[in-house]
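Just so you know, these numbers use all the heavy atoms, side chains as well, and skip hydrogens, waters and symmetry mates. Just so it is clear, the model here is predicted, and its values are computed rather than measured.
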Amino acid sequence: MPSWFVYGDGDGDKNIPPAAQAFTAERARSVKTVAVKGASHVVMTSRPDMVAKLIAEAASR
């Protein structure tokens, strides 16, 4: 089953390092990975527009 991945990159996410997030996305063979600059660990709250856009893109496939 295909997967898509979105995460906060940089100082916004204090819980999981961006390199670990990128590794996880690659390991899951993500169709598309979006690293959102400045987004928090709860990216769907800090950047809901980016998350909604990725969900819509995934749903249209």
Side-chain angles (χ1 to χ4, degrees):
M1 172 161 275
S3 65
W4 285 259
F5 208 93
V6 60
Y7 64 93
D9 186 12
D11 293 334
D13 187 345
K14 307 275 189 219
N15 295 308
I16 303 174
Q21 298 269 28
F23 172 78
T24 301
E26 185 177 328
R27 184 177 61 191
R29 295 187 181 102
S30 174
V31 171
K32 183 172 184 178
T33 301
V34 178
V36 183
K37 295 283 183 198
S40 72
H41 180 69
V42 187
V43 69
M44 68 288 284
T45 300
S46 65
R47 296 295 198 288
D49 52 332
M50 299 293 290
V51 175
K53 182 178 176 183
L54 187 62
I55 291 170
E57 183 179 332
S60 71
R61 289 190 165 206

Listed pairs under 3.5 Å, donor-acceptor, residues 53-61 side chains, sequence neighbours left out:
unit_1: Glu57; atom_1: OE1; unit_2: Lys32; atom_2: NZ; d: 3.0
unit_1: Ser60; atom_1: OG; unit_2: Glu57; atom_2: O; d: 2.8

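- At a threshold of 4.5 Å between side-chain heavy atoms, the hydrophobic network of Ile, Leu, Val, Met, Phe, Trp and Tyr places Val51 and Val31 in one connected group.
- Contact detail for Val36 and Val6: the closest heavy-atom pair is CG2-CG2, 3.8 Å.
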Apply side-chain contact (heavy atoms from CB on, under 4.5 Å) to the pair Val43 and Met50, showing each step before the final yes or no. CA-CA 9 Å; Val43 69; Met50 299 293 290; 5.9 Å; no

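- Across all their heavy atoms, Ala22 and Tyr7 have their closest contact at CB-OH, 3.5 Å.
- Looking at residues two or more places apart in sequence or on another chain, you find no side chain to side chain donor-acceptor pair (under 3.5 Å) involving Ser3.
- Taking every heavy atom of both residues into account, Ser46 and Ser40 meet most closely at OG-N, 3.0 Å.
- Annotation for Lys37 and Asp9: closest pair NZ-OD2, 3.1 Å, computed over non-hydrogen atoms.
- Residues satisfying the side chain to side chain donor-acceptor pair (under 3.5 Å) criterion with Thr24, sequence neighbours excluded, are absent altogether.
- Although no hydrogens or angles enter the test, the distance criterion places no donor-acceptor pair under 3.5 Å between the side chain of Thr33 and the main chain of Phe5.
- Both Met44 and Trp4 belong to a common hydrophobic cluster when Ile, Leu, Val, Met, Phe, Trp and Tyr are linked at side-chain heavy-atom distances under 4.5 angstrom.
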